[in-house]
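Notes to accompany the following structure.
Not measured: the values here are computed from a predicted model.
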Amino acid sequence: MLTEGFSLQAAETSVFAQGTALECAAWKAGFGCGPVEVLIFELEPYISESGVWSRLVEGELPGGLASTLSALRLLTTVNLGEDIFDIGARTLAQLQRRRFDDGSWDAPGSWPGLGEGIARRAWYTASLGGLVGLLSGSGHSESARVMSEGAARWVQANWPRVSDSGPAFWWSVLHCLGRQDTPTAQRIVDDAAHRLHRWLDKPRPASDLAWIHEATRVARRGLRDPLRQRAWSGLLETQLPGGGWLGGSEAGWTTSSPSATYFASRALVRP
């Protein structure tokens, strides 16, 4: 894939000019231009001693899991190493306590764009299940493995009841399933690709394009895959003159311009 017209330096300048301290720390850690400890330091005020995350998502109800999901998306963009730091261990402990016997997660309130009930539970279960499997880097802890596999079983068992929740959700589902080569898992991968193709029937925000690209990569689609190519081209075409991308999402996961720039840039530089 060619990246003519894409400037990583301009994207970085845009993030550092507009981003919060946390967004800048995520960029430094994610692109290897700063130590992982910088990201950990910026995240520390948002997590309690018991591993409960809060204040990362505006308007989150007490007992919510959206802040946990936001933190995990940042933590899993870098390799935290074998011990995953205390902040990661606390997160895993909280998720273990919050997990239902059937392997799923849920939380109070409605998820933007998804409402309540099965759609919300599917979002949390697929997203958290996929991310805990990445949290401990190269040395997955036993609890992370058990939680990830339990979430994958729940997703496969409940797939017929799950509606189309957008590219970020499909990225989470594919990560959650991992490399399970069961017929059900393969049908879900094919279904996800079909739905993602439909998402590209009209122009989409950068965040959604980045999730589509990442989802196809996770699904082990080649560089020449048409869906991946379309998402890639859309990202190249929508970089703003100042180097960044517009924020927003049409799939229930609102992002700021610096966050959209981060995810778009990661998609463009990863093969």
Side-chain angles (χ1 to χ4, degrees), residues 6-47 51-58 60 65-81 83-92 95 127-128 130-138 167-168 171-172 175 205-215 217-218 235 238-240 242-249 251-270:
F6 166 58
S7 170
L8 184 63
Q9 181 61 52
E12 179 178 288
T13 300
S14 174
V15 170
F16 288 169
Q18 303 178 52
T20 64
L22 180 54
E23 288 169 332
C24 292
W27 180 279
K28 291 177 182 178
F31 284 99
C33 54
V36 176
E37 286 81 357
V38 174
L39 177 59
I40 302 300
F41 176 79
E42 292 296 339
L43 280 170
E44 187 67 49
Y46 299 95
I47 185 173
V52 176
W53 291 90
S54 60
R55 297 181 292 116
L56 284 174
V57 174
E58 186 177 352
E60 183 176 13
L65 281 169
S67 287
T68 299
L69 187 50
S70 292
L72 276 170
R73 277 195 166 150
L74 291 174
L75 289 170
T76 55
T77 59
V78 295
N79 187 352
L80 298 180
D83 60 2
I84 66 172
F85 291 94
D86 177 63
I87 200 171
R90 278 184 278 162
T91 302
L92 286 177
L95 290 175
S127 300
L128 293 172
L131 290 168
V132 294
L134 302 173
L135 183 59
S136 52
S138 59
W171 174 86
S172 299
H175 257 302
S207 295
D208 292 341
L209 292 172
W211 291 125
I212 290 172
H213 179 271
E214 287 294 283
R217 189 178 66 80
V218 171
L235 287 170
T238 54
Q239 186 175 24
L240 301 173
W245 276 263
L246 292 175
S249 172
W253 186 262
T254 303
T255 55
S256 65
S257 177
S259 291
T261 300
Y262 173 76
F263 287 119
S265 297
R266 277 180 58 82
L268 287 171
V269 302
R270 294 178 71 178

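- When every heavy atom of Leu209 is checked against every heavy atom of Leu235, the shortest pair comes out as CB-CD2, 3.7 Å.
- For Cys24 against Gly19, the heavy-atom pair with the smallest separation is SG-O, 3.9 Å.
- Residue Ser256 holds its OG atom at 8.5 Å from CD of Gln18, rounded to the nearest 0.5 Å.
- To the nearest 0.5 Å, atom CG of residue Leu65 and atom OG of residue Ser70 are 11.0 Å apart.
- Not a single donor-acceptor pair under 3.5 Å links the side chain of Ser14 to the backbone N or O of Ala10.
- Considering CG of Leu240 and OG of Ser257, their distance stands at 6.5 Å, rounded to 0.5 Å.
- Residue Ala25 comes nearest to Val38 through the heavy atom pair CB-CG1, 3.7 Å, listed as atom of the first residue, atom of the second, then distance.
- Contact detail for Gly30 and Arg266: the closest heavy-atom pair is O-NH1, 3.9 Å.
- Nearest heavy atoms, Tyr262 versus Ala26: CE1-O, 3.5 Å.
- Take Glu44 and apply the side chain to side chain donor-acceptor pair (under 3.5 Å) test, not counting sequence neighbours, and it matches Arg90.
- Summarising the local packing, CZ of Phe41 is surrounded by 12 or fewer heavy atoms from other residues, nucleotides or ligands at distances under 6.0 Å.
- Side-chain polar atoms of Thr91 and Trp53 form a donor-acceptor pair below 3.5 angstrom.
- Residues Leu56 and Leu74 have side chains not in contact (no heavy-atom distance under 4.5 Å, counting atoms from C-beta outward).
- You'll find the side chain of Glu12 reaches within 4.5 Å of the side chain of Trp27, heavy atoms only.
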Verdict with supporting geometry, Leu39 and Lys28, side chain to side chain contact (heavy atoms under 4.5 Å, CB included): CA-CA 8 Å; Leu39 177 59; Lys28 291 177 182 178; over 6 Å; no
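- Checking side-chain atoms of Gln239 against main-chain N and O of Ser7 turns up a donor-acceptor pair under 3.5 Å.
- Evaluation of the ring pair (Phe, Tyr, Trp, His ring centres under 6.0 Å) rule for Tyr46 yields no partner, not counting sequence neighbours.
- Each of Thr68, Val52, Ile87, Asp86 was scored for a side-chain contact (heavy atoms from CB on, under 4.5 Å) with Ile47, with one residue passing: Ile87.
- Heavy-atom minimum distance, Pro45 versus Arg55: O-NH2, 2.5 Å.
- Counting only distance, with no hydrogens or angles, the side chain of Glu23 and the backbone of Thr20 share a donor-acceptor pair below 3.5 Å.
- For the pair Leu128 and Leu72, the minimum side-chain heavy-atom distance is below 4.5 Å.
- For Glu60, the side chain to side chain donor-acceptor pair (under 3.5 Å) criterion is met by Ser67, not counting sequence neighbours.
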